[in-house]
Amino acid sequence: MISQPYKLYIERTDPARNMARFYAMSIDATLFGDVCLTRRWGRIGAKGQTMTHHFEREHDAVVLFLDLIRLKRKRGYATVASGRRSS
């Protein structure tokens, strides 16, 4: 059982470099009692790619979630208002 919802959607845009990327993550429980971290990324407006990580403990998924947030923030990704979300 997940103690709280973990969801994130961030974007990185740079019109000068024709860059428009999104990155989304969420932590959810599986039917088998495990926890999975699902990551999606790609060009804004496209389906993008998906990767899923499975964990036995929620704590391990949260640690990876927070590490990925730090990494993406360093690379210039930022949150967007929910009304402006493109993907």
| Hey, mind stepping through H53 and L64 against side chain to side chain contact (heavy atoms under 4.5 Å, CB included) and telling me if it holds? | CA-CA 9 Å; H53 304 270; L64 179 58; 4.0 Å; yes
| Residue pair I27, V62: steps toward the side chain to side chain contact (heavy atoms under 4.5 Å, CB included) verdict | CA-CA 8 Å; I27 297 177; V62 172; 4.0 Å; yes
| said: If hydrophobic clusters are built by linking Ile, Leu, Val, Met, Phe, Trp and Tyr wherever their side-chain heavy atoms come under 4.5 Å apart, do L66 and F55 end up in the same one? | reply: yes
| query | For T38, what residues pass the side chain to side chain contact (heavy atoms under 4.5 Å, CB included) criterion, not counting sequence neighbours? | reply | S26, C36, T50, T52
| Counterpart residues, salt bridge (charged side-chain N to carboxylate O under 4.0 Å, His left out), relative to D14 (two or more places apart) | none
| request: State the CG-CG distance between L68 and L8, to the nearest 0.5 angstrom. | output: 9.5 Å
| field | Residues which pass ring-ring contact (aromatic ring centres under 6.0 Å, His included) with F65, listed by chain and number, not counting sequence neighbours | value | Y6
| task | Only counting residues at least two apart or in another chain, list the ones meeting ring-ring contact (aromatic ring centres under 6.0 Å, His included) with Y77. | result | none
| task | Decide side chain to side chain contact (heavy atoms under 4.5 Å, CB included) for I69 and I10; before the verdict, give the C-alpha distance in whole Å, the side-chain angles of both, and the deciding distance to 0.1 Å. | result | CA-CA 9 Å; I69 289 173; I10 51 181; over 6 Å; no
| salt bridge (charged side-chain N to carboxylate O under 4.0 Å, His left out) contacts in which one or both residues fall within residues 22-35, not counting sequence neighbours | K7-D28
Solution key, residues 16-23 side-chain donor-acceptor pairs under 3.5 Å, sequence neighbours excluded:
from : atom 1 : to  : atom 2 : distance (Å)
N18  : OD1    : R43 : NH2    : 3.3
Y23  : OH     : R39 : NE     : 2.8
Y23  : OH     : R39 : NH2    : 3.4

| query | With a 4.5 Å heavy-atom cut-off, do V80 and Y9 have their side chains touching? | reply | yes
| Looking only at atom types and distance, does a side-chain atom of R40 sit under 3.5 Å from a main-chain N or O of M51, one as donor and one as acceptor? | no
| Do other residues, nucleotides or ligands put more than 12 heavy atoms under 6.0 Å from E56 CD? | no
| said: For residues 62-74, which residue pairs pass the side-chain hydrogen bond (donor to acceptor under 3.5 Å, both in side chains) check, not counting sequence neighbours? | reply: D67-R70
| What are the two closest heavy atoms between V35 and R57, and how far apart are they? | CG2-C, 4.3 Å
